[in-house]
Every structure is written in structure tokens, then in C-alpha cells.
2 protein chains.
Amino acid sequence: MLDNYDLKLLSEIQRNADTPQSELASRINLSPAAVNRRLRRLADEGVIDRYTAILAPEKVGYPLTIVSMIEVESEQIDLLDAMKRTFEACPQIQQCYYVAGEWDFVLIFSVRHMEEYNDLTRQLFFANNNVKRFKTLVTMSRVKAGLDIPVAPSA
Amino acid sequence: MLDNYDLKLLSEIQRNADTPQSELASRINLSPAAVNRRLRRLADEGVIDRYTAILAPEKVGYPLTIVSMIEVESEQIDLLDAMKRTFEACPQIQQCYYVAGEWDFVLIFSVRHMEEYNDLTRQLFFANNNVKRFKTLVTMSRVKAGLDIPVAPSA
DNA sequence: TCTGAAAATGGACCTTT
DNA sequence: AAAGGTCCATTTTCAGA
């Protein structure tokens, strides 16, 4: 379904989505038109979910990244769904994973300052009966942050 | 430093970096040229870190997202730096946070299957003397995954 | 794959605050 | 000076042959 040209293309546009198609074309040895068709196809098929700009959090006033983990009281499906919807709707929550293991949810927050996080814990955790306990890990350094997938073309 | 035009612009291009500058211009009531200048400035200043394509992990053969947490043996600076460099270099690690709290590192992996993760734990964790213990949380559902920062323009 | 039209980008230059 | 607007050249995209 995805051939090596696709994989190389995906790899390139993950690194930099601003690269002109003509430049991509010469890098992977294909004509610009072929690159254009492939990119359109990959977007149509949903392989490319979306194009986005990644901002530097500190430069836009969101210097604090926080990881928190939640254990729920009940795994009843409608309770879980309600929680998922709430987390999804919260703009300071960048990522939310429903996981198996010692915890049930892992959340990544991007906030302006501790107080903002504190307020959010009140709204999202303390006010929610289904949150049994949670733990907060404050990030001291974002060693690596991206959503890149290692789509290396096979040799 | 960043005015409301900048914030609106950043908000738009986080949602969709493919929007033509002319379209952005009409949305925020500015000329296309002004938008062009601002985008360039924001990129030059590093406010915009980079443009990227976000892929659908399942569609490129990486259906498994795993969160792991590590406690280190020693927080000696050169040992930590070595670990950071190792994690940074590992393509399956999307994100690495150095945190304060019960754990020292939080990692987000994107892998093809459990075996791949298993191999990585051997290389990265078991083979490293400075890893005291680690915990694995396997994602059942990626409720929300992005790096968007809620740069809402002030009213 | 090639060619060309349409669209988008980005510079030059002038005007406003 | 700093930033906006208009206009125009160049580059890029993208469809038809």
C-alpha cells in the first residue's frame, strides 16, 4: 500500500512540511508532478492527518509542561467516555492516552504557570468523582518533543 | 512582543499550516503581505519552531503507543546527559521529558509491535546501569495527540 | 513525463502612525 | 523607525495532454 517513495516522502515532510514539492522530487528521484499526486493521495487516504506549525512553548508564554497520571474509580464505559471528552476539550491538554497498567490515563499539559495547572486539577480531577487518585510530574526539561513516526524506507 | 495578530496567526497555523497566506489574511483582516512578513518574522525568531506533517500512526504501521517512566540510579549530570542524548537519538521515542517527582524520565514511544518495544527496553533500559527501575503503560486509545499550544488572542 | 495556467509567495516601494 | 498596503516578479502547485 505504501511504497518506498511514499515512505521517503512522509519522512521528509515530517522533518519539514515546508519543503517545495520540486525539492522533494529531486531528493527522492521522482518528477514534481508525481510528488504532487502522491502527497494528495496520502492526504486523501488519511495517512497524512494534517499539517501543522510546531511552536516553541516558552516563546508564547507556555513554559510549563506537566505530565499527569490518573487512576479512575470505575471503568464503566460511559464514565470513561465522559472523561475522554472532557480531556479532549481542554485546550491545555496536548495529549491524552488511555492506558493499561498501574494508571488509566496519562495526560500532557502545556500551561502558563503552576497556578493554571492547579486550577485545572481542581476542575478536572478534584471535581470529578471518578478520579480515584492522580500524580503530577513537572517537566524540568523537554528533552525531545515531536509526533514523528520513524517511517524509514526499507533498504 | 506578540500582538493579537500574531496570536491569531499562530492559532490558525497550528490548526492547519496549509492555509494560504491570502486566506489567513482575510481571516484576521490584514493584507497578504503583512501576513507573509509576520510569518517570516515568527519563524526567524523561533516562535514557530518548524512546520510538520502529522501522520496517522496506524496507517503507517506504528499502531502501538507506549508511555514509560524511568527512575535513575544517579542524577550525576554527565550520566543524565548521556541518557538524554540516547533517548533523543532513538527514532521510536517521540517525546522525552526529564521530570521532577516520583520518576525522572517520561518517554512516549511509537512502535510497530510489542516485540519492538521489548527490544528497545533491552537496549535502553536493561543495558543501562543508571536505570534503576522503569514502568510501562500500554496505550489502548490515543484520546488526543497533538502539540498545540492554546495561544488564544486576548479579547 | 512534460507543459502551461492558476495560485501563492515574497520583494520593492510608497504611505501611515 | 516600525508596520501596513499595493503592485509586481518569481516560485510553486497542480491539472490536462
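Chain A is the first sequence line, chain B the second, and so forth, proteins listed ahead of strands; every chain is numbered from 1. Worth saying up front: this structure is predicted, and the values here are computed from it rather than measured.
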Asker: Could you check which residues of residues 37-55 of chain A get a heavy atom under 4.0 Å from DNA chain D? Sort them by number, please.
Answerer: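 Under 4.0 Å from DNA chain D: A:Arg40.
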Asker: If you measure from the Lys or Arg side-chain nitrogens to the Asp or Glu carboxylate oxygens, is any gap between B:Lys84 and B:Glu88 under 4.0 Å?
Answerer: no
Asker: Between the side chains of A:Lys132 and A:Glu75, is the shortest nitrogen-to-carboxylate-oxygen separation below 4.0 Å, so that they form an ion pair?
Answerer: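 So A:Glu75 does not pair with A:Lys132 through a salt bridge.
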Asker: Indicate, with a heavy-atom threshold strictly under 4.0 Å, whether B:Ala34 touches base, sugar-phosphate, or nothing.
Answerer: sugar-phosphate
Asker: Calculate the interatomic distance between B:Asn36 atom CG and D:dT6 atom P; express it in whole Å.
Answerer: 15 Å
Asker: Do you reckon A:Leu137 sits in the same ILVMFWY cluster as A:Leu124, going by side-chain contacts under 4.5 Å, direct or chained?
Answerer: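 Result: no, two separate clusters.
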Asker: If you walk 5' to 3' along DNA chain C, what is the first nucleotide with an atom under 4.0 Å of a heavy atom in chain A, and what is the last?
Answerer: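 Here the contact window of chain A covers C:dT1 to C:dC2.
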Asker: Figure out the CD/P separation between A:Glu23 and D:dT13, and round it to whole Å.
Answerer: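 Distance check: A:Glu23 CD to D:dT13 P gives 11 Å.
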Asker: To the nearest Å, give me how far apart CG (B:Asp6) and C1' (D:dA2) are.
Answerer: 14 Å
Asker: Let me know the distance between CD of A:Gln21 and C1' of D:dC14, rounded to the nearest Å.
Answerer: 8 Å
Asker: Identify, with sequence neighbours excluded, every residue that meets side chain to side chain donor-acceptor pair (under 3.5 Å) alongside A:Glu73.
Answerer: none
Asker: Hey, are the side chains of B:Gln14 and B:Val151 touching, using non-hydrogen atoms and a 4.5 Å cut-off?
Answerer: yes
Asker: Measure the shortest side-chain to side-chain distance between B:Gln95 and B:Val106 over non-hydrogen atoms and say whether it is less than 4.5 angstrom.
Answerer: no
Asker: More than 12 heavy atoms of other residues, nucleotides or ligands under 6.0 Å from CZ of B:Phe125: yes or no?
Answerer: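 Result for CZ/B:Phe125: enclosed.
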Asker: Side chains of A:Asp78 and A:Gln76: is there a donor and an acceptor less than 3.5 Å apart?
Answerer: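 Yes, side-chain donor-acceptor contact under 3.5 Å.
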